[in-house]
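First the proteins, then the strands, lettered A, B, ... as listed; each starts at 1. Model, not experiment: these values are computed from the prediction. Below, all heavy atoms of this structure are taken into account, side chains as well, without hydrogens, waters or symmetry copies.
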2 protein chains.
Amino acid sequence: MQNASTGPRAGSSTDDQTGPRRTGRAVSREVLADHVYAELLASLMDGRLAPGAVVSIDGTARELDVSPTPVREALARLEHTGMVRRVALKGYRVAPVFTQEDFAELMEARLAIEPVNARLACERINQHGLAELGKAVEDLKSAPRGPSFAEFKDYLEADERFHQLIARQTGNQFMEAAYSALGGQVQRFRLFGGVGITDAEHAIAEHEAVLAAVTTGDPDKAAAAMADHIRKVRSRAIADAPES
Amino acid sequence: MQNASTGPRAGSSTDDQTGPRRTGRAVSREVLADHVYAELLASLMDGRLAPGAVVSIDGTARELDVSPTPVREALARLEHTGMVRRVALKGYRVAPVFTQEDFAELMEARLAIEPVNARLACERINQHGLAELGKAVEDLKSAPRGPSFAEFKDYLEADERFHQLIARQTGNQFMEAAYSALGGQVQRFRLFGGVGITDAEHAIAEHEAVLAAVTTGDPDKAAAAMADHIRKVRSRAIADAPES
DNA sequence: CATAGTCAGATCCTATAGGAAGCGCCGGTC
DNA sequence: GACCGGCGCTTCCTATAGGATCTGACTATG
């Protein structure tokens, strides 16, 4: 049901039994494992896979209509991001929800990395990057923020995109990789950790402050604005005291 | 030879092939993919696999006497560390050597992360952690630093271990993960990027300064000592002007 | 009623087979 | 001598089979 995006193969599945199964994705310049990876990542990012859920290799293979091998490969990659965990002979499951301690650690790490990113991005960003960044903030403001999750999703996507863009605009592949390692967790926290709609108004203003500083070309102010944003996110989350 | 308990095919390979491959994993509570991962990582870390070398799936499988599937899984994990690169239908190869620009980016990232690690570690380290850290510095000093690579290896290992310990002692899983993502690259640079023996004397003193600050319990000084160390590593490397 | 033993199903893990694509070599042609 | 098409080899990629292990339920016994 969820592979209708790239899967050109349809119908004809009813088999002449002798033939080799699935004549397979014609030009398909992309490997099955990539497809599985993207599918699983999307499921994790938009909440279809809840924390703690088991991700059966065989089950996923059946669901996506591939053999277990590419699923295994995709899960091995995902494990390195911390979004799924593997136990030796028991299989994979989605990483559990954050404890308050995990959350504190995550924010500490963000405070170490993201202000630096903002500073570097400010020093090196070009016109195109500024446009992208502006669009992210614009999307953030225009995204519907209804109480239903489906409507809130676009807001969260724009939020994540803004931070990713900052990381990319550093021009430093390692800083970008460092944020990417965190970004998945950040997004998962946005989904399950209790970031509420009330957060949005404040957050938008804070993002605008970062954008303004970057546009002005003031690295110190950009770093400070980003640090301020992260600290306030932390304060608001703690104040809400998410008790799951 | 390493599948004493589970291997269906045993015996028949009595033709004592090449290496005395480590006969570990006795009770086999560890999966083959883990073994392959460790083996590949070791090969990357101590220079047996040079940058640019192709890592054939089938070849590695034959070499380690396993089937291609666990090799594939291990490589999928390694790819996420940046130490090997995969091209869609062409296979894996070891990531190429650093350009000077890559090196500058790596050092920039280390400067953003490691002083923070030193500060946090200083605030939270316990007696056992201090002992481990002290032993790393001790090994650093006592390691042979002969011109041959084999003798220099222990020194490099202790160096990497010191920084890893600092990262672990932060008590912050994300900072530790962030450094781990860099650590492999740092180690690869130590091997191939031109860190010479002349570096060792200065570096030892700088490590001792970090250790002293951490032992004293002065977070500011620890962070400053670590930043100083990284800057000097960068300066020395640039001065040596590694031209490969 | 509680606990231990047994069995069946599901799942993971590894091995092997076979199709598809890239790479190098070789002989033929201009 | 230079260029081009065919051929085989290697390698990757996916599918499938089978052994080993874990989980959960069911039954028998103290």
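Between B/Asp65 atom CG and C/dT14 atom C1' there is a gap of 12 Å when expressed in whole angstrom units. Taking atom CG of residue A/Asp58 and atom P of nucleotide D/dA15, one finds them 13 Å apart after rounding to whole Å. One atom, CG of B/Leu89, and another, C1' of D/dT10, lie 14 Å apart when rounded to the nearest Å. Per the geometry, OH belonging to B/Tyr92 stands 9 Å off P belonging to D/dC12, to the nearest Å. Atom-to-atom, CD1 of B/Ile57 to C1' of C/dA15 comes out at 15 Å; the value is rounded to the nearest Å. Between A/Arg93 atom CZ and D/dT23 atom C1' there is a gap of 12 Å when expressed in whole angstrom units. Distance A/Glu73 CD to D/dT14 P: 7 Å, rounded to the nearest Å. When rounded to the nearest whole Å, the span between CZ of B/Arg86 and C1' of D/dC13 equals 10 Å.
If you check D/dT11, D/dT16, C/dC13 against the side chain of B/Arg62, the one that comes closest is D/dT11. Of all nucleotides listed (D/dT16, D/dA15, D/dC22), D/dC22 comes nearest to the side chain of A/Lys90. Listed nucleotides: C/dT16, C/dC13, D/dT14. Nearest to the side chain of B/Ser67: C/dT16. The listed nucleotides are D/dT16, D/dT11, D/dT14; the one nearest the side chain of A/Leu32 is D/dT14.
Contact check, A/Ser56 against C/dC12: a side-chain N or O comes under 4.0 Å of OP1 or OP2. Distances shorter than 4.0 Å separate some side-chain N or O of A/Arg72 from OP1 or OP2 on C/dC13.
The residue from A/Gln187, A/Glu114, A/Arg168 that alone fulfils the side-chain hydrogen bond (donor to acceptor under 3.5 Å, both in side chains) condition with A/His163 is A/Glu114.
Between A/Phe98 and B/Phe174, the ring planes lie tilted relative to each other; the angle falls in the 30° to 60° range.
Electrostatic pairing of A/Glu79 and A/Arg85 does not count as a salt bridge here, judged by no charged N lying under 4.0 Å from a carboxylate O. Comment: B/Asp34 engages A/Arg86 in a salt bridge, judged by a side-chain N to carboxylate O separation of less than 4.0 angstrom. Salt-bridge annotation for B/Arg62 and B/Asp58: absent, with no side-chain N of the basic residue lying under 4.0 Å from a carboxylate O of the acidic one.
Mapping A/Thr69 and B/Gly59 onto DNA chain D by nearest heavy atom places B/Gly59 at the nucleotide closer to the 5' end.
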